[in-house]
Amino acid sequence: MTPTDAAPASPRDVTPPEMTHFDLTALPGAARYKLLTATVTPRPIAWVSTLGEGGHVNLAPYSFFGLMGSDPPVVAFAPGDRADGTPKDTALNIASGGEFTVNLVSEALAVTMNATATDFPHGQGEPDALGIPLAPGVKVAVPRVAAAPAALECREVQTVLIGRTRIILGEVLGLTLRSGAVQDAERHHVDTGALDLIGRMGGRGTYARTRDTFVIDRISFEEWQKGQ
């Protein structure tokens, strides 16, 4: 979609839709998951690589993920537990090593990323099992996915437990980008579309592309006043 010259509709001009309320405090976990993952979309995908015992690399995708700030740069993601309630390898490895790398996922890597969501036995590294090439980290010991268009090298800051939800906060120490997406390195301009990233939608296996975009410029308070 190309930018439009049409003025965006004001909230005053939009007829309020009929709404349905769900009391999440009264619903089981599976119902809450279905409702929230179908609603909060699209969600970026953190394809997280970590180092396990013996130096094997674990690689798994998480869509409960986001960028939380830039000073310092912080990311947060929430790796769920295994069916038996024990932490997944990602959480165990970060707890022992303190480092992880968030690889972002392009459409070309979607099938490979999905394969790493398979519940491999503890200690079996997905890159070895699936033949995924890795590249060395720069700021951390954890390698990145060589074909990923972007990788954020992180150091654990804090892990927060809220009930059965585990939120890992990490400071981003380094960013590696596909060179073809860097428009001007000195001015830090990136062609986001060239990264061709995907996001998670609702449903068990539904994804969204990020190339269909539109532009709305921010306005100053003075500009807003002139339009009233």
His56 and Asp128: side chain donor to acceptor below 3.5 Å: no
Does the side chain of Thr50 pick up a donor-acceptor pair with the side chain of Asn93 at under 3.5 Å? yes
In a check of side chain to side chain contact (heavy atoms under 4.5 Å, CB included) between Val145 and each of Asn103, Thr101, Leu104, which one passes? Asn103
Test Leu152 against Val75 for side chain to side chain contact (heavy atoms under 4.5 Å, CB included), laying out the working first. CA-CA 9 Å; Leu152 293 78; Val75 293; 4.0 Å; yes
Residue pairs passing the side chain to side chain donor-acceptor pair (under 3.5 Å) test with at least one member in residues 178-190, sequence neighbours excluded, are none
Yes or no on side chain to side chain contact (heavy atoms under 4.5 Å, CB included) for Arg82 and Asp89, after CA distance, side-chain angles and deciding distance? CA-CA 9 Å; Arg82 294 181 178 272; Asp89 287 355; 3.6 Å; yes
Answer yes or no: is there a donor N or O on one side and an acceptor on the other, between the side chain of Arg200 and the main chain of Thr41, under 3.5 Å? no
Using modelled atom types only, decide if a donor and an acceptor are shared between the side chain of Thr37 and the backbone of Tyr33 within a distance under 3.5 Å. yes
Side-chain ion pair, Glu171 and Arg155, N-O less than 4.0 Å: yes
Would Asp23 and Arg32 count as a salt bridge (Lys or Arg N to Asp or Glu O under 4.0 Å) here? Give the steps. CA-CA 9 Å; Asp23 182 357; Arg32 295 194 299 266; over 6 Å; no
Lys/Arg-Asp/Glu bridge criterion (N-O < 4.0 Å) met for Asp81, Arg166: yes
Mind running salt bridge (Lys or Arg N to Asp or Glu O under 4.0 Å) on Glu153 and Arg144 for me, showing each step along the way? CA-CA 8 Å; Glu153 298 183 349; Arg144 61 181 173 85; 5.6 Å; no
Quick one: is the NZ or CZ of Arg43 closer than 6.0 Å to the six-membered ring centre of Phe64, and within 45° of its axis? no
Looking at every heavy atom in both Thr116 and Pro61, which two are closest together, and how far apart are they? OG1-CD, 3.4 Å
